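See structure below.
What you are looking at is a predicted structure, and each value in this text was computed from that prediction instead of being measured.
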Amino acid sequence: MDLLDGLNPAQKSAVQVTSGPLLILAGAGSGKTKTLTHRIAYLISKKSVSPDEILAVTFTNKAAKEMQSRVNDLLGVNTSIRNFMPWMGTFHSVCVKLLRIDGDKMGIPRNFVIYDEDDRTSLIKQAIKQLSFNDKEIKPKSVSHVISSSKNSMVGVEEFSAVAASPQQKKIAKIYNKYEELKKASSALDFDDLLIETVRLLRDSKETRSRWRGHFKHILIDEYQDTNSAQYNIVKLLVGEDRNICVVGDDWQSIYSWRGADFTNILNFERDFKGAHIIKLEQNYRSTSAILEAASNVIAKNKQRTDKKLWTSSATGAPVQVHELSDDLEESSLVSDRISSHVALGARKFGDFAVLYRTNAQSYTLERAFLRMRIPYQIVGGVRFYDRKEIKDIVAYLKLIYQPNDSVSFNRIVNTPTRGIGNISLEKFLTWQVNSGMNIVDALCKADSIPDINLKARQSLKKLGVMAKSLYSKQDSTPPSEIINQIIELTNYKDYINDGTPQFEERIGNLEALMSDAQNYVNLSDFLEEISLMSSVDSFKDGEQVTLMTLHASKGLEFPVVFIVGLEEGILPHARVFDSSPSELEEERRLMYVGMTRAREELHITYARSRLNFGGRVYNPASRFISDMGASGASSEDSTVELIQDFDTPEYYNIESFDVGDRIKSNIFGAGEIVDVDGLAVTVKFDNGKSKKLNTEYARLEKI
DNA sequence: TCATTTAACGTTTTT
DNA sequence: CGTTAAATGA
């Protein structure tokens with residue numbers, strides 16, 4: 001098979017220029033992934049580059065997997081031959097691999113654990129407590145944010161402390177320092193550490209640097225516009241003398257500056273790598289010209305951008321439809337009505353549709369409408385699978401088994417399920433453990449010899465330790481799924497979560513899903529790495545269901561029909577950018593652009609005059625992006641954008657009135673009886689004995 | 001001293 | 001609405 005077949009001239013040269021630095025400026029839908037996969041296959045089969053010598057960095061793990069299988073298809077190679085594989089993954093996952101191999105040179109133990117956002121905030125809380133600062137004045141979340149952004153711009157503790165001027169900043173510097181100490185004691189690295197420790201490793205260890213530089217003959221970076229300072233440094237450190245570096249990106253689609261991404265990295269590529277080839281991919285193969293034109297009109301309003309002319313040879317297609325609704329409920333009805341009628345007509349499958357929104361909270365109303373209409377859907381992101389409580393609990397056990405020093409995981413599970421260990425006993429144990437010099441698990445095993453702790457607490461601690469220790473020693477001979485099973489059995493975890501609500505079934509289901517997921521891994525290390533670095537889009541499945549996700553999560557995907565909802569000032573663009581720099585407004589506009597260019601055939605935009613936001617009703621004007629699209633009044637004459645006012649259902653939702661004594665049913669809590677009514681609030685005594693005060697406006701209660 | 005009940009608070013986007 | 005921190009009872 002000729003690897004250049006089916007490529008346009010620009011794509012062909014992007015494949016064939018195989019030596020020296022190369023910058024590919026790829027517009028939305030211009031066949032970027034195709035070009036990259038062909039390039040990799042070309043390097044392997046035509047230039048005899050060994051797959052192992054190729055490093056390809058993608059933005060998500062899913063993109064990496066997809067790229068892997070497409071390369072395999074092109075080469076006709078069996079996917080199961082694991083050694084015959086380029087290095088593919090996100091910056092984070094590649095860094096984990098490098099650090100597991102060479103991290104010991106920087107004093108990082110081979111079995112370090114990875115702390116996520118939650119782990120980090122709870123460790124910061126501990127740090128604040130230990131420094132006895134007033135945890136009311138200093139919010140752990142905001143400290144976490146400060147630490148993360150300084151790490152992303154390569155500012156370490158020392159530097160941060162040196163620069164800290166205000167009393168507030170000095171406090172944060174102390175917390176930062178303490179946090180680093182505690183994290184080190186737990187043998188853990190947070191997300192940002194994965195990057196900056198790799199930079200340190202490559203910068204400080206000459207031997208390591210030259211070894212990896214020699215190893216990677218070709219480096220490819222996708223979504224280069226979204227690299228941050230640390231990632232940029234890694235790239236510069238890894239590029240060898242041949243300078244075979246190929247980066248792909250589109251500054252118009254840069255939507256992660258709040259995470260430290262800096263799209264000037266891509267604008268400066270020529271300066272960084274002198275003599276670089278530049279190839280522009282400007283033909284769009286994805287969208288109809290109506291969609292592309294509307295999207296181009298939106299992005300044209302941005303001042304800070306490179307000039308590009310994206311074009312397509314596809315037909316005009318249906319105009320972009322802009323729907324005005326009276327409120328968020330009608331917005332959801334419109335979306336679900338459209339979807340279900342198109343499917344009923346046989347024109348589309350559920351899997352053809354995506355609904356995109358600015359904030360995760362917006363999925364709520366949509367979800368309810370979909371449930372009502374029996375539309376199968378999947379939510380990408382939001383409350384991620386691995387963020388659920390029961391899953392995080394079990395994973396915390398796994399982490400503690402893998403890394404017996406992991407204090408955050410220990411704190412999470414020490415009394416989960418409740419085993420009679422309170423705060424006081426815990427404090428006493430921890431001070432004893434620190435003094436003993438033992439790791440947490442070893443100390444637990446000796447807990448029965450600690451004076452002045454309750455007998456009951458002492459026994460429980462020891463029992464937990466013995467369990468962790470025995471699983472620790474079995475971790476190499478026992479598959480991860482079996483370890484999970486034993487944790488659940490030994491701790492009676494199922495009894496703990498059985499609270500008699502219908503949600504119990506769902507939780508059990510989640511645990512089973514976790515176990516079956518674990519069956520794909522042979523050892524604990526791989527499994528933990530995978531779930532720590534799993535991103536929201538990684539769990540995205542193409543299938544027979546509508547996809548709901550944030551605009552951010554939609555990057556890189558495409559759908560025949562796309563709905564973008566909540567096009568209101570304050571939502572998109574988000575209210576937070578109003579009182580900050582104009583560049584943030586431009587990023588909101590790029591976000592809109594990314595969303596619009598996901599659509600292949602139909603694009604629907606909706607906005608509501610009023611919306612129920614947490615607590616009260618808000619009235620937002622239509623987003624400025626709607627007029628930016630080139631909507632010329634309410635005309636169906638315009639071939640690009642069509643404005644439609646959908647007020648077909650002027651019905652106001654009748655709030656059912658409840659009386660004391662009514663029997664009701666809640667999807668969440670099951671059946672019960674109303675014992676008190678206070679305006680919109682009702683108190684319900686549920687059949688499982690628990691009572692709850694609910695707002696009838698939100699809680700979907702049904703009379704029975 | 002622990003476990004359960006009640007009050008307060010919160011929403012931008014995420015590797 | 002959900003989660004998490006204080007407050008109360010056993």
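Listed candidates were B/dT15, B/dT13, B/dA3. Nearest to the side chain of A/Thr359 is B/dT13. When the nucleotides B/dT1, C/dG2, B/dT14 are ranked by their closest atom to the side chain of A/Ile424, B/dT1 comes out on top. When each of B/dA3, B/dT14, C/dC1 is scored by its nearest atom to the side-chain atoms of A/Thr550, the top-ranked nucleotide is B/dT14. Picking from B/dT15, B/dT14, B/dA3 the nucleotide with the shortest atom distance to the side chain of A/Trp258 gives B/dT14. Nearest to the side-chain atoms of A/Lys428 among the listed nucleotides C/dC1, B/dT13, B/dT1 stands B/dT1. The side chain of A/Lys125 has C/dA5 as its nearest neighbour among B/dA3, C/dA5, B/dT13. Listed candidates were B/dA3, B/dT11, B/dT15. Nearest to the side chain of A/Ala361 is B/dT11.
When rounded to the nearest whole Å, the span between NZ of A/Lys97 and P of B/dT15 equals 16 Å. Going from atom OH of A/Tyr496 over to atom P of B/dA3 covers 10 Å, rounded to whole Å. In this structure, A/Asp495 atom CG and B/dA3 atom P are separated by 16 Å, rounded to whole Å. For A/Leu551 and B/dT14, the CG to P distance is 10 Å, given to the nearest whole Å. The nearest whole Å value for the distance from the NZ atom in A/Lys129 to the P atom in C/dA6 is 9 Å. Remark: C1' of B/dT14 and CG of A/Asp190 are 14 Å apart, rounded to the nearest angstrom. In this entry the distance linking CZ of A/Arg576 with P of B/dT11 reads 9 Å, nearest Å. Distance CG (A/Asn228) to P (B/dT13): 20 Å, rounded to an integer number of Å.
For the pair A/Asp628 and A/Arg589, the minimum side-chain heavy-atom distance is below 4.5 Å.
A cation-pi arrangement is found for A/Lys555 relative to A/Phe59, the charged atom lying closer than 6.0 Å to the ring centre and inside a 45° cone about the ring normal.
For the pair A/Ser425 and B/dC2, the criterion of a side-chain N or O lying under 4.0 Å from OP1 or OP2 is met. Contact between the side-chain N/O atoms of A/Asn360 and the OP1/OP2 oxygens of B/dT13 is found at a separation under 4.0 Å. Considering only side-chain N and O atoms, A/Asn415 lies under 4.0 angstrom from the phosphate OP1 or OP2 of B/dA3. Contact between the side-chain N/O atoms of A/Asn152 and the OP1/OP2 oxygens of B/dT15 is not found at any separation under 4.0 Å.
Of the residues near DNA chain B, A/Val577 and A/Gly420, the one whose nearest nucleotide (by heavy atom distance) lies more toward the 5' end is A/Gly420. Residue A/Lys141 is the one, among A/Phe91 and A/Lys141, whose nearest nucleotide of DNA chain B lies closer to the 5' end (criterion: closest heavy atom).
A/His574 comes within 4.0 angstrom of sugar-phosphate atoms only, judged by non-hydrogen atoms across all strands, and of no base. Counting any heavy atom pair closer than 4.0 Å across all strands shown, A/Glu117 reaches a base atom.
Legend: residues meeting salt bridge (charged side-chain N to carboxylate O under 4.0 Å, His left out) with A/Glu584, ordered by chain and number and at least two apart, are absent. A/Glu66 pairs by the salt bridge (charged side-chain N to carboxylate O under 4.0 Å, His left out) definition with A/Lys62, A/Arg70, not counting sequence neighbours.
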Side chain to side chain donor-acceptor pair (under 3.5 Å) between A/Tyr496 and A/Thr491, worked out: CA-CA 9 Å; A/Tyr496 167 69; A/Thr491 58; over 6 Å; no
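Checked by atom type, the side-chain pair A/Asn265/A/Thr227 shows a donor-acceptor distance below 3.5 Å.
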